[in-house]
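Quick notes on the structure that follows.
Chain letters run A, B, ... following the sequence lines, proteins first, then strands; residues in each count from 1.
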Number of protein chains: 2
Amino acid sequence: MAHSLETVLGEAVALLDEGGEPALTFRALAARLGGGAASIYWYVANRDELLDRATDEVMGHLLEHTADLGEGPDPVANLRALSLALFDEMRRRPWFGSYMLRNTGLQPNSMLMFDRIGQQLMRLDLTPKQRFHAASSLVSYIVGIAADMAQPPPKEFLDSGLEPAAFLELYADRWRALDPGHYPFAHHVADEFARHDDEDVFRSGLDLLLAGIQAQAAGRRPAHGARVEA
Amino acid sequence: MAHSLETVLGEAVALLDEGGEPALTFRALAARLGGGAASIYWYVANRDELLDRATDEVMGHLLEHTADLGEGPDPVANLRALSLALFDEMRRRPWFGSYMLRNTGLQPNSMLMFDRIGQQLMRLDLTPKQRFHAASSLVSYIVGIAADMAQPPPKEFLDSGLEPAAFLELYADRWRALDPGHYPFAHHVADEFARHDDEDVFRSGLDLLLAGIQAQAAGRRPAHGARVEA
DNA sequence: TCGACCATCGAACGCTGTTCGATGACTCCG
DNA sequence: CGGAGTCATCGAACAGCGTTCGATGGTCGA
């Protein structure tokens, strides 16, 4: 069968989309491509490189689709838009976030995304060190949220067949069942947890970071227009 | 051979400390315990549960060693101290962070740590929703940094035998070799990257978040004593 | 003394990533 | 036209993995 690096990566991404990281198997991928598992090694040195290239592939597409997101007048708004685009992609592909930050040197598109974030920070009045720290913190935060959402739903959920909201409520009940003496906070926020929306949580922490960055740029004066609510 | 859940988890943690997650093998663990691999299944249902319990084990020890870290007068300072304790543990055990947030229901100690963070937030003048968002954001950020540090050093490094600082400089050179037109930010912060210290970066983002939280508590007035520099 | 339960064991199964040598197709050069 | 050589693919095999199973002996209470 006639393959090509593109078709290999394309099918690899499809496999990842369908079953997550454990579903990406050389044999399963070979079956899709209509050939033997050994053939894949012609295009890729090992499974790690396959994963790297697959994630960089989707990062490349994401960069294309968001090419215009850095051109707004407000750099902070651009950072928010860029971060939300990453969040959307991670919601679509839970496996994606997990491999986002292993910049093993290859992964040029991940590096490009990092640079895009940094370019917005260069438009703010910050020191290079502040900019480097800000970019790193933003990426780490995004990846942290990604790792959270990448957790596969416990099989209790898959078995129960409940709606996500109902399952969340069931989970909140488990919080409420804890000993209030040892877990006062769990009780305090059980309701919030039951009703929470992942994107709200993401936006909230993101805005904390962005407000802090903007405050730095404004020279410690209170930031204008920075959303610190919610 | 006579095992016990404690010795099993203890040796599992030792194995993880020595070789990271891939080193934790049922056969390797059995060899350490002086028995067969199948015996481990008496104490643990499968490898996932073994990992969960092992991480919860070290989280338990961490909770003990930091039991006094929530008693300071300033909740924000307590949050910083708690976060730094987690950071230290992740630096000591790179594998630890990766498994910190899979709260599959078991993992009572991870839940306890989450609650401890929340308890400090309960001392701040925030809405329950704000507190839930703040706790989630803090944990996500910490985990994101953890994921970053959990990346095994590329084998180029292990082969070269260079000092970490020298290797970092070599990496920075690679940034400097990129096309400045496509990667302006990489050039802009290459020096910072070469000299950066992981803990500084962590503290920086952490302070952004904490400053934002404190600003929320202060009702949008500029926060007192929140470190926004660096 | 007998049965029940606890803890452990060796052997095996099915799966994984990966390697190797062979095999055919295709291109280029004399 | 013919042979050399690279390209791409293949089947088979290897070592390792998590996991299961049935058997085995040890320990305890009745």
Starting at atom [atom1] of [X], determine the distance to atom [atom2] of [N], rounded to an integer number of angstrom.
X	N	atom1	atom2	value
Phe26(B)	dT20(D)	CZ	C1'	12 Å
Ile40(A)	dC10(D)	CD1	C1'	12 Å
Trp42(A)	dC26(C)	CH2	C1'	13 Å
Asp52(A)	dG17(C)	CG	C1'	16 Å
Leu5(A)	dA8(D)	CG	P	11 Å
Tyr43(A)	dC10(D)	OH	P	10 Å
Arg47(A)	dT16(C)	CZ	P	10 Å

Closest nucleotide among [options] to the [X] side chain:
X	options	value
Ala37(B)	dC9(C), dT19(D), dT18(C)	dT19(D)
Asn46(A)	dG17(C), dT18(C), dC21(D)	dT18(C)
Ala38(B)	dG18(D), dT19(D), dG10(C)	dG10(C)

Are any of the side-chain nitrogens in Arg53(A) or Glu49(A) under 4.0 Å away from the carboxylate oxygens of its partner?
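So Arg53(A) pairs with Glu49(A) through a salt bridge.
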
Salt-bridge test for Glu21(B) and Arg47(B): reply yes if a basic N is under 4.0 Å from a carboxylate O, no otherwise.
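Looking at Glu21(B) and Arg47(B), the cut-off is met.
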
5′-ward residue of the pair Ala45(A)/Ala28(A) relative to DNA chain C:
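Going by which nucleotide is closer to the 5' end, it is Ala28(A).
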
Could you check whether any side-chain heavy atom of Val143(A) comes within less than 4.5 Å of a side-chain heavy atom of Tyr141(B), counting everything from C-beta outward?
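Val143(A) does not reach Tyr141(B) side chain to side chain.
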
Are Tyr41(B) and dC21(D) close enough that a side-chain N or O sits under 4.0 Å from OP1 or OP2?
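Looking at the OP1 and OP2 atoms of dC21(D), neither is under 4.0 Å from any side-chain N or O of Tyr41(B).
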
Strictly below 4.0 Å: does Ser39(A) bring a side-chain N or O up to OP1 or OP2 of dC10(D)?
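True: Ser39(A) side-chain N/O within range (under 4.0 Å) of dC10(D) OP1/OP2.
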
Classify Leu50(B) by what it touches in the nucleic acid, base, sugar-phosphate, or nothing, heavy-atom distance under 4.0 Å.
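No contact at all - Leu50(B) keeps every heavy atom at 4.0 Å or more from the nucleic acid.
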
Could a donor-acceptor pair under 3.5 angstrom be found where the side chain of Arg27(B) meets the base of dG18(D)?
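Flag set: donor-acceptor pair detected.
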
Polar side chain donor-acceptor pair, Arg176(A) to His187(A), under 3.5 angstrom
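Looking only at side-chain atoms, His187(A) and Arg176(A) do not form any donor-acceptor pair under 3.5 Å.
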
Please test Arg32(B) against Glu18(B) for salt bridge (charged side-chain N to carboxylate O under 4.0 Å, His left out), starting from the C-alpha separation and ending with a verdict.
CA-CA 13 Å; Arg32(B) 260 176 190 258; Glu18(B) 292 173 18; 2.5 Å; yes

